[in-house]
Amino acid sequence: MATIRVFGGPTTLIEFGGLRLLTDPTFDGPGDYPTGGGYALTKTAPSATTPADLGPVDAVLLSHDEHPDNLDASGRALLPTVPLVLTTTSGAERLGGTARGLAPWDSVELTRPDGGTVTVTAAPALHGPEGCEPVIGQVIGFVLTAPDLPTVYVSGDNASLPLVKEIADRFGPVDTAVLFAGAARTRRFDGALLTLDSAQAAEAAVLLGARRVVPAHFDSWGHFTEGREALEAAFAAAGLRDRLELS
């Protein structure tokens, strides 16, 4: 089983097959972070760790590089120290260095310390309402598989349950789903959901057949409209409270 530590926002450390995989690194302190066009996102709480305390990281799984709540200055400084950064095709062009771009359903094999391999497959994601891509940009999630290990899905910033269904059809049932939740909303899209809300996260768990759900990206930022209590209530209402793993 994968070991997953959530550090606040979208940043988690996944230990899978002996590999240490870091999602969307964000370590900067609380404050306002401009996103262009007169908009800004407000970070409300510090990360639970620092890059220095992480230890070695084998790869970064970066859902997208264009928003400060998914990749901040400290996270960018960390990337050149990591052997591989898997992200969107456009993000890899912008980042350079060790970044490798994946389109949805592309995959790459990582060598495990024991000599086996882990396959990382890019999963489609929609970071907002239909048609948001020209403004939001490309976003991906990730599916981690290995012949002898249970499957792990990392949603990235995805607000689309139909895409979750596509992922479930290809890879389900998954053992563990790391779901970016929080019902993120901003003025830019008139309050439309930019990530799953709590009820949708519970529905995603059902679609995926997930034995365990580890929520991420539901705290530490002002644009999240639902937090821990909403997640607990939604999963309890769906009869899934025992699947929910909150740190």
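Computed over heavy atoms, backbone and side chain alike; hydrogens, waters and symmetry mates excluded.
The shortest heavy-atom contact between Ser155 and Ala125 is O-CB, 4.1 Å. Of all the heavy atoms in His64 and Gln138, the pair that sits closest is CB-O, 3.4 Å. Across all non-hydrogen atoms, the minimal contact from Pro215 to Leu246 is CG-CD2, 3.8 Å. When every heavy atom of Phe27 is checked against every heavy atom of Pro25, the shortest pair comes out as CE1-CB, 3.6 Å. In terms of heavy-atom proximity, Ser63 sits nearest to Gly156 at CB-CA, 3.9 Å. For Gly101 against Ala92, the heavy-atom pair with the smallest separation is N-CB, 3.3 Å.
For Glu93 (side chain) and Ser90 (main-chain N/O), no donor-acceptor pair under 3.5 Å exists by modelled atom type. Under a 3.5 Å cut-off, the side chain of Asp219 and the backbone N or O of Gly9 do form a donor-acceptor pair. When atom types are taken as modelled, the side chain of Thr87 and the backbone of Leu62 share a donor-acceptor pair closer than 3.5 angstrom. Judged by distance alone, the side chain of Thr98 and the main-chain N or O of Val82 form a donor-acceptor pair under 3.5 Å. Using a distance-only test at 3.5 Å, with no hydrogens or angles considered, a donor-acceptor pair links the side chain of Thr44 to the main chain of Ser220.
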| Audit row: His223, Thr42, side chain to side chain contact (heavy atoms under 4.5 Å, CB included) steps and yes/no | CA-CA 7 Å; His223 57 293; Thr42 300; over 6 Å; no
| Taking it one step at a time, do Thr26 and Asp69 satisfy side chain to side chain contact (heavy atoms under 4.5 Å, CB included)? | CA-CA 7 Å; Thr26 55; Asp69 61 323; 5.7 Å; no
| message | Using the rule given for side chain to side chain contact (heavy atoms under 4.5 Å, CB included), can you reason through Leu86 versus Leu84, listing the C-alpha separation, both sets of side-chain angles and the distance that settles it, and then say yes or no? | response | CA-CA 6 Å; Leu86 298 176; Leu84 179 64; 3.8 Å; yes
| message | Quick one, Leu13 with Phe7, criterion side chain to side chain contact (heavy atoms under 4.5 Å, CB included). Give me CA distance, side-chain angles, the key distance, then yes/no. | response | CA-CA 8 Å; Leu13 183 66; Phe7 298 122; 3.7 Å; yes
| message | Please determine whether side-chain hydrogen bond (donor to acceptor under 3.5 Å, both in side chains) holds for the pair Asp157 and Asn70, giving the CA-CA distance in whole Å, both sets of side-chain angles, and the decisive distance to 0.1 Å. | response | CA-CA 9 Å; Asp157 277 355; Asn70 294 88; 3.3 Å; yes
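No continuous path of ILVMFWY side-chain contacts below 4.5 Å connects Val108 to Val57, so the two sit in separate hydrophobic clusters. Note: the hydrophobic cluster containing Leu207 also contains Leu196 (ILVMFWY, side chain heavy atoms under 4.5 Å, direct or indirect links). Residues Val118 and Leu22 fall into different hydrophobic clusters, defined by Ile, Leu, Val, Met, Phe, Trp and Tyr side chains chained together at heavy-atom separations under 4.5 Å. If you chain together hydrophobic residues whose side chains sit under 4.5 Å apart, Val214 and Ile14 fall into the same group. Residues Leu54 and Leu61 fall into different hydrophobic clusters, defined by Ile, Leu, Val, Met, Phe, Trp and Tyr side chains chained together at heavy-atom separations under 4.5 Å.
To the nearest 0.5 Å, the span separating CG on Asp242 from CZ on Arg211 amounts to 10.0 Å. The distance from atom CG of Asn158 to atom OG1 of Thr195, rounded to the nearest 0.5 Å, is 9.0 Å. To the nearest 0.5 angstrom, Phe16 atom CZ is 10.0 Å from Leu110 atom CG. Atoms CG and CD1, from Leu208 and Ile167 in turn, are 7.0 Å apart once rounded to the nearest 0.5 Å. Thr111 contributes atom OG1, which lies 8.5 Å from atom CG of Leu19 (distance to the nearest 0.5 angstrom). Here the OG1-CD1 distance, from Thr176 to Ile4, works out to 5.0 Å after rounding to the nearest 0.5 Å.
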What pairs of donor and acceptor atoms, side-chain ones from residues 226-239 against any protein atom, are under 3.5 angstrom apart with sequence neighbours left out?
| from | atom 1 | to | atom 2 | distance (Å) |
| --- | --- | --- | --- | --- |
| Glu226 | OE1 | Ser198 | N | 2.8 |
| Glu226 | OE1 | Ser198 | OG | 2.7 |
| Arg228 | NH1 | Ser247 | O | 2.8 |
| Glu232 | OE2 | Arg241 | NH2 | 3.3 |

Could you list the donor-acceptor pairs under 3.5 angstrom formed between side-chain atoms of residues 139-154 and any protein atom two or more places apart in sequence or on another chain?
| from | atom 1 | to | atom 2 | distance (Å) |
| --- | --- | --- | --- | --- |
| Asp148 | OD1 | Arg112 | NH1 | 2.8 |
| Asp148 | OD2 | Arg112 | NH2 | 3.2 |

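Pairs passing the salt bridge (Lys or Arg N to Asp or Glu O under 4.0 Å) check and including a residue from residues 19-46, sequence neighbours excluded, do not occur.
A heavy-atom distance below 4.5 Å is not found between the side chains of Arg212 and Arg243. At a threshold of 4.5 Å between non-hydrogen side-chain atoms, the residues Val60 and Leu79 count as touching. Annotation: side chain of Val85 is not in contact with side chain of Arg100 (no heavy-atom distance under 4.5 Å). Using a 4.5 Å heavy-atom threshold, the side chains of Val178 and Val213 count as separate. Between Val206 and Glu203, every side-chain heavy-atom pair lies at or beyond the 4.5 Å cut-off. Taking 4.5 Å as the limit, every side-chain heavy atom of Phe171 sits out of range of all side-chain heavy atoms of Glu166.
Ionic pairing of Asp72 and Arg76 is not present here: no N-O contact between side-chain nitrogen and carboxylate oxygen is shorter than 4.0 angstrom.
Under the 6.0 Å cut-off for aromatic ring centres, His217 and Phe224 qualify, their centroids lying closer than that.
No donor-acceptor contact under 3.5 angstrom links the side chains of Thr119 and Ser107, judged on distance only. For the residue pair Thr23 / Thr12, a side-chain donor-acceptor distance below 3.5 Å is found, with atom types taken as modelled.
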